[in-house]
Amino acid sequence: QVQLVESGGGLVQAGGSLRLSCAVSGRTFSNYNMGWFRQAPGKEREFVAAVSRRGGRTAYADSVKGRFTISRDDAKNTAYLQMNSLNPEDTAVYYCAADESMMLRTTATRYDYWGQGTQVTVSS
């Protein structure tokens with residue numbers, strides 16, 4: 001059983017930064033592509049960023065390109081999402097997810113395991 005635990009969310013002013021962490025346990029972390037998704041109230045869960053095994057490939061939603069950076073540390077079994085230049089539209093619950101497939105995916109239904117989410121609130 002794979003367990004994912006997010007941390008690092010909170011309240012930040014517009015223009016500020018946060019770094020989210022996703023600690024993974026239960027299976028070999030390096031076997032998984034990792035993704036970050038978010039869900040705002042009344043909206044569907046949307047893709048934010050993904051990183052492949054060993055970190056060779058990344059993918060980003062257009063809305064976060066140039067502001068967010070996804071990374072991973074296989075020695076710490078942890079994935080990260082560095083979020084800069086935050087704006088109120090980034091307010092959402094952020095979820096990390098793990099995917100065992102060979103392809104780097106941007107669709108939530110393709111991911112096998114999920115964390116419980118961490119709230120990010122950006123005030124104007």
Side-chain angles (χ1 to χ4, degrees):
Q1 186 74 9
V2 179
Q3 295 181 326
L4 290 74
V5 179
E6 302 97 335
S7 61
L11 174 64
V12 63
Q13 289 188 332
S17 299
L18 283 174
R19 187 175 82 154
L20 305 183
S21 299
C22 175
V24 179
S25 61
R27 293 280 180 88
T28 304
F29 177 69
S30 59
N31 288 344
Y32 296 98
N33 299 324
M34 298 298 298
W36 286 95
F37 292 78
R38 66 186 182 186
Q39 188 166 18
K43 294 187 177 182
E44 293 186 354
R45 192 168 298 190
E46 65 174 359
F47 169 75
V48 176
V51 60
S52 65
R53 297 174 181 81
R54 295 182 286 278
R57 290 172 291 148
T58 57
Y60 294 93
D62 288 343
S63 59
V64 307
K65 277 181 183 176
R67 300 188 298 123
F68 290 12
T69 302
I70 189 171
S71 61
R72 63 188 295 155
D73 185 339
D74 286 2
K76 295 183 178 180
N77 292 344
T78 302
Y80 303 97
L81 185 68
Q82 177 66 44
M83 306 187 294
N84 299 329
S85 302
L86 286 161
N87 58 62
E89 290 70 37
D90 295 316
T91 295
V93 177
Y94 283 71
Y95 300 88
C96 71
D99 173 27
E100 295 179 289
S101 71
M102 296 304 294
M103 295 181 64
L104 191 59
R105 303 198 185 265
T106 61
T107 304
T109 54
R110 296 291 191 174
Y111 280 76
D112 304 296
Y113 305 101
W114 290 84
Q116 82 290 347
T118 185
Q119 177 70 47
V120 171
T121 303
V122 184
S123 63
S124 56

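Within the 4.5 Å cutoff, no side-chain heavy atoms of V2 are placed close to those of F29. Under the 4.5 Å side-chain criterion, counting only non-hydrogen atoms from C-beta, Y32 is not in contact with D74. The shortest distance between side-chain heavy atoms of M83 and V48 does not fall below 4.5 Å. Using a 4.5 Å heavy-atom threshold, the side chains of V51 and R57 count as separate. Side-chain atoms of E6 and Q116, non-hydrogen and from C-beta on, do get closer than 4.5 Å to each other. Side chains of R110 and M103 form no contact here, defined as non-hydrogen atoms less than 4.5 Å apart.
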*What do the steps show when you test L86 against F68 for side-chain contact (heavy atoms from CB on, under 4.5 Å), and what is the final call?*
CA-CA 9 Å; L86 286 161; F68 290 12; 3.8 Å; yes

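Both Y111 and V93 are assigned to one and the same hydrophobic cluster, defined by single-linkage of ILVMFWY side chains at heavy-atom distances under 4.5 Å. Tracing side-chain contacts under 4.5 Å through hydrophobic residues (I, L, V, M, F, W, Y), one never reaches L81 starting from F47; they form parts of separate clusters. By the rule that hydrophobic residues join a cluster once side-chain heavy atoms approach within less than 4.5 Å of another member, Y113 and V24 end up as members of one cluster.
For the residue pair N84 and S17, a side-chain donor N or O sits within less than 3.5 Å of a side-chain acceptor on the partner.
The backbone N or O of L104 lies less than 3.5 Å from no partner atom in the side chain of D99, so there is not a single donor-acceptor pair. A distance-only check finds a donor-acceptor pair linking the side chain of R53 to the backbone of N31 [under 3.5 Å]. At distances below 3.5 Å, not a single donor-acceptor pair connects side-chain atoms of Y60 with backbone N or O atoms of G66. Counting only distance, with no hydrogens or angles, the side chain of N33 and the backbone of S101 share a donor-acceptor pair below 3.5 Å.
To the nearest 0.5 angstrom, K65 atom NZ is 10.0 Å from S63 atom OG. Rounded to the nearest 0.5 Å, atoms CZ (R72) and OG1 (T58) are 12.0 Å apart.
Heavy atoms only, all atoms of each residue included: T121 and Q119 are closest at OG1-NE2, 3.3 Å. Between S123 and P88, the shortest heavy-atom distance links the atoms C-CG, 4.4 Å. Here the closest heavy-atom approach between residue A98 and residue M34 is recorded as CB-SD, 3.8 Å. Here the shortest heavy-atom pairing between G8 and L18 reads O-CD2, 3.8 Å.
For residues 55-124, every residue pair satisfying the disulfide bond (SG atoms under 2.5 Å apart) rule, not counting sequence neighbours, is listed here: C22-C96.
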Side-chain donor/acceptor pairs under 3.5 Å, residues 35-42, sequence neighbours excluded:
{"unit_1": "W36", "atom_1": "NE1", "unit_2": "Y80", "atom_2": "O", "d": "3.4"}
{"unit_1": "R38", "atom_1": "NE", "unit_2": "E46", "atom_2": "OE2", "d": "2.6"}
{"unit_1": "R38", "atom_1": "NH1", "unit_2": "D90", "atom_2": "OD1", "d": "2.9"}
{"unit_1": "R38", "atom_1": "NH1", "unit_2": "Y94", "atom_2": "OH", "d": "2.9"}
{"unit_1": "R38", "atom_1": "NH2", "unit_2": "E46", "atom_2": "OE2", "d": "3.1"}
{"unit_1": "Q39", "atom_1": "OE1", "unit_2": "R45", "atom_2": "NE", "d": "3.4"}
{"unit_1": "Q39", "atom_1": "NE2", "unit_2": "K43", "atom_2": "O", "d": "3.1"}

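Take D112 and apply the salt bridge (Lys or Arg N to Asp or Glu O under 4.0 Å) test, not counting sequence neighbours, and it matches no residue.
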